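Remarks on the structure that follows.
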Amino acid sequence: MRSEQRASGPYAVVAFAASAGGVQGLGEILGGLGPDLPVPVLVVQHLDPRHRTLLAEVLARRTELSVKLAQDQERVEPGTVYLAPPDRHLLAGPEGVVTLSNSEVVNFVRPSADLLFESVAGAYGSRALACVITGTGVDGAMGVEAVKSRGGTVIAEDPRTAQFAGMPQAAVETGAVDFVLRIEEIAAAVRGLVEDKRQ
């Protein structure tokens with residue numbers, strides 16, 4: 001059965017992109033999502049590829065959700081946060097399975113938010129929710145256009161209050177962003193979107 005049809009709510013996945021300042025921002029958002037999120041969360045946070053990362057451990061202390069580094073060919077589950085490992089692209093595929101890739105860098109980065117968002121758009125269509133928060137550069141901007149073109153929904157952190165405005169500003173400038181929110185508003189917005197209104 002396709003992952004698009006498995007979950008009953010309006011959305012089947014949430015994907016986040018962050019760079020500079022992102023660990024703090026992700027911690028705040030994930031901490032506000034509660035323990036029973038009905039969808040999986042996929043995250044690209046730009047990391048130094050030369051070092052083992054403690055990002056999963058750091059974020060796990062801020063949220064009731066389960067947090068882990070994604071593994072190749074892993075089936076994603078609701079209520080779990082999957083982080084792109086250092087120097088690997090994280091890609092969503094059919095049937096709720098993610099893959100890791102060490103293909104070329106995109107916009108000078110690997111993992112790339114653009115590749116994550118484009119894969120989420122392809123796998124989930126209108127049931128994808130993508131969110132770009134603090135970071136330098138433009139990674140994520142092409143990806144949010146892909147999500148929007150497939151009928152998905154896009155949130156960007158307000159560049160005026162972001163710790164680093166580059167990534168959210170580039171996303172907003174595409175015209176594909178549905179909601180521009182302060183970091184402290186994003187968790188509630190995500191919960192409101194993904195929780196099935198028919199309950």
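Quick caveat, the model's predicted, so the values are computed rather than measured. We count residues from 1, following the sequence as given.
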- request: Can you see which heavy atom on Thr174 is nearest to which on Glu145, and at what distance?
  value: CB-CG, 3.7 Å
- prompt: Rounded to the nearest 0.5 Å, what separation is found between the CG atom of Asp178 and the NZ atom of Lys148?
  reply: 3.0 Å
- line: Thr134 and Glu157 have their tightest heavy-atom pair at N-OE1, 2.9 Å
task: Report the residue from Leu91, Leu42, Leu90 that forms a side-chain contact (heavy atoms from CB on, under 4.5 Å) with Val120.
output: Leu42
task: Mind running side-chain contact (heavy atoms from CB on, under 4.5 Å) on Val190 and Cys131 for me, showing each step along the way?
output: CA-CA 9 Å; Val190 168; Cys131 181; 5.5 Å; no
query: Backbone N or O of Ala60 within a donor-acceptor pair of the Thr63 side chain at under 3.5 Å?
result: no
message: Can you list everything that forms a side-chain contact (heavy atoms from CB on, under 4.5 Å) with Pro159? Sequence neighbours excluded, please.
response: Ala165, Pro168, Gln169, Val172, Val180
- prompt: In Å, rounded to the nearest 0.5 Å, how long is the span from CG of Leu37 to CD of Glu195?
  reply: 7.0 Å
- prompt: So, Tyr11 side chain and Pro38 main chain: donor-acceptor pair closer than 3.5 Å or not?
  reply: no
- prompt: At their closest point, which heavy atom of Ile155 faces which heavy atom of Ala189, and how far apart are they?
  reply: CD1-CB, 4.4 Å
- line: Taken to the nearest 0.5 Å, the spacing of Lys68 NZ from Leu59 CG works out to 14.0 Å
message: If I compare all heavy atoms of Glu118 with all of Gly143, which pair ends up nearest, and what's the gap?
response: CG-CA, 4.1 Å
- line: Correct closest heavy-atom pair for Arg110 and Asn102 would be NH1-O, 3.3 Å
task: Kindly say whether Ile183 contributes a backbone atom to a donor-acceptor pair with the side chain of Asp158 at under 3.5 angstrom?
output: no
query: Do you know the tightest heavy-atom contact between Ala128 and Val147?
result: O-CG1, 4.2 Å
